[in-house]
A.B. asks: 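Would you mind keeping the following structure in view while I ask a few things?
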Amino acid sequence: MAVQKLFPVLFLQLALAFLLAGLTNAGGLQLGFYQGACPDAELIVHQTLYRYISRDPTLAAPLLRMHFHDCFIRGCEGSVLLSSTKNNQAEKDAIPNKTLRGFNVIDAVKSALEKKCPGVVSCADILALVARDAVLMIGGPRWDVPTGRRDGRVSIANEALFNLPSPFANITVLKQQFAATGLSVKDLAVLSGGHTIGIGHCTIISNRLYNFTGKGDTDPSLDPRYAAQLKNKCKPGNSNTVVEMDPGSFKSFDEDYYNIVAKRRGLFRSDAALLDDAETRGYVKFQSMTQGSTFAQDFAESMVKMGYIGVLTGEQGEIRKHCAVVN
């Protein structure tokens, strides 16, 4: 049994090694970038994060989401971490980012790194490493994170408002948004699996439950029995209640998300939309039928790929002293 369990792990590591061999340095990133200037950087990130996740595993989902939201706007350069100023409303205050949490965790990691290696590790790299370690700490796969990202100096709320993939989006829009960042249709299906952890607010699904076409109806793509359960939790006008995206295992990273979507029980319209395209539907059904046989490997590969979107390297950008403000 031990050998059988070990083989998938070794296969995942080997597959990621080949992937990284092709990607590393392609965007100016490299494995072990901080080995000389801050050799304990990844250990410090892991240890600091563990103090939070061990007390509150639900933090893993918003920290993963934060990295995702960062990369989709201006690339993976930490712009989602910047606070608004008197003259500028930042991404952090855009409506889609209002429910992000965990900024205090990023600040704690940055503070620990600054004490050990001042001015060396970027906030953008911290986001990438924290997302990886948060997933690992709740049972998900581990992947090697090439580092060397630098921090951007610009953050604009309207860019997040209009360009982040929306929970209300249909499959056509989702495919366009992923393609615009260099991600494939498969990446869309794979990264949607991140919804195996976390929660959604009733306000986001209210339209699906009570007024889908403006006639007081329910979204027909939603399983009627599940819709009835959701209506019991989410009464009209309810803005405070939250619902698990993966009922029963929303604190653990597993493949159950695909079982739920296959049964037409995806919480958001964007989850249901995966059944509206041949390729994404095929991926959902394959993971559902095979107990997520390739999901861990696929998710690791797609996260590495996403981590290269629009990176700043070399002399670009800066290394922020504090993640919420430019130097």
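Keep in mind that this is a model prediction, so the values were computed, not measured.
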A.B. asks: Would you say the ring centroid of Y257 lies under 6.0 angstrom from that of F295?
C.D. replies: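 No, the ring centres sit 6.0 Å or more apart.
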A.B. asks: For T85 and N87, test the side chains for any donor-to-acceptor distance below 3.5 angstrom and give the result as yes or no.
C.D. replies: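 No.
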A.B. asks: In plain terms, say whether D223 and K263 are close enough for a salt bridge, that is, a side-chain N and a carboxylate O under 4.0 Å apart.
C.D. replies: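 K263 and D223: not salt-bridged.
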A.B. asks: Show every donor-acceptor pair shorter than 3.5 Å between a side-chain atom in residues 100-107 and any protein atom, with sequence neighbours excluded, or say none if there are none.
C.D. replies:
unit_1	atom_1	unit_2	atom_2	d
R101	NH2	T58	O	3.3
R101	NH2	T58	OG1	2.8

A.B. asks: Please collect all salt bridge (charged side-chain N to carboxylate O under 4.0 Å, His left out) contacts where either partner lies in residues 127-137, sequence neighbours excluded, each pair once.
C.D. replies: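 Residue pairs with at least one partner in residues 127-137: E42-R132.
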A.B. asks: Under 3.5 Å, is there a donor-acceptor pair between the side chain of D217 and the main chain of N211?
C.D. replies: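 Not confirmed, D217 side chain does not pair with N211 backbone.
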A.B. asks: Please identify each residue that fulfils ring-ring contact (aromatic ring centres under 6.0 Å, His included) with F178, with sequence neighbours left out.
C.D. replies: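 With neighbours one apart ignored, the set is F72.
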A.B. asks: So which of S155, S83, P96 actually passes side chain to side chain contact (heavy atoms under 4.5 Å, CB included) with E91?
C.D. replies: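 For E91, the side chain to side chain contact (heavy atoms under 4.5 Å, CB included) check succeeds only for S155.
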A.B. asks: Between the side chains of Q287 and Y283, is a donor N or O closer than 3.5 angstrom to an acceptor N or O?
C.D. replies: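 Yes, because at least one side-chain N or O of Q287 sits under 3.5 Å from a partner of the opposite role on Y283.
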A.B. asks: Just checking, any donor-acceptor pair under 3.5 angstrom between side chains of D246 and S249?
C.D. replies: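 Note: D246 and S249 side chains meet the donor-acceptor criterion.
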A.B. asks: Looking at N163, is its backbone amide N or carbonyl O close enough to the side chain of E159 to form a donor-acceptor pair, meaning the two atoms are under 3.5 Å apart?
C.D. replies: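 No; judged by distance alone, with no hydrogens or angles, the pair does not exist.
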A.B. asks: Salt-bridged, R149 to D151, with N to O below 4.0 Å?
C.D. replies: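 No, no charged N to carboxylate O under 4.0 Å.
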A.B. asks: Checking one residue: I156. Which other hydrophobic residues are in its cluster under the side-chain 4.5 Å linking rule?
C.D. replies: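 Its cluster partners, ordered by chain and number, are V154.
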A.B. asks: Linking Ile, Leu, Val, Met, Phe, Trp and Tyr through side-chain heavy atoms less than 4.5 Å apart, which residues share a cluster with Y210?
C.D. replies: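 ILVMFWY cluster around Y210 also holds F168, I204, I205, L209, L222, Y226, L230, V243, M245, L267, F268.
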A.B. asks: Does the distance from a Lys or Arg side-chain N to an Asp or Glu carboxylate O, for R264 and D219, drop under 4.0 Å?
C.D. replies: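 Judged by the 4.0 Å cut-off on N to carboxylate O distance, R264 and D219 do not form a salt bridge.
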A.B. asks: In the hydrophobic clustering (ILVMFWY, side-chain contacts below 4.5 Å, transitive), which residues join L43, or is it alone?
C.D. replies: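 Noted: L43 shares its cluster with no other residue.
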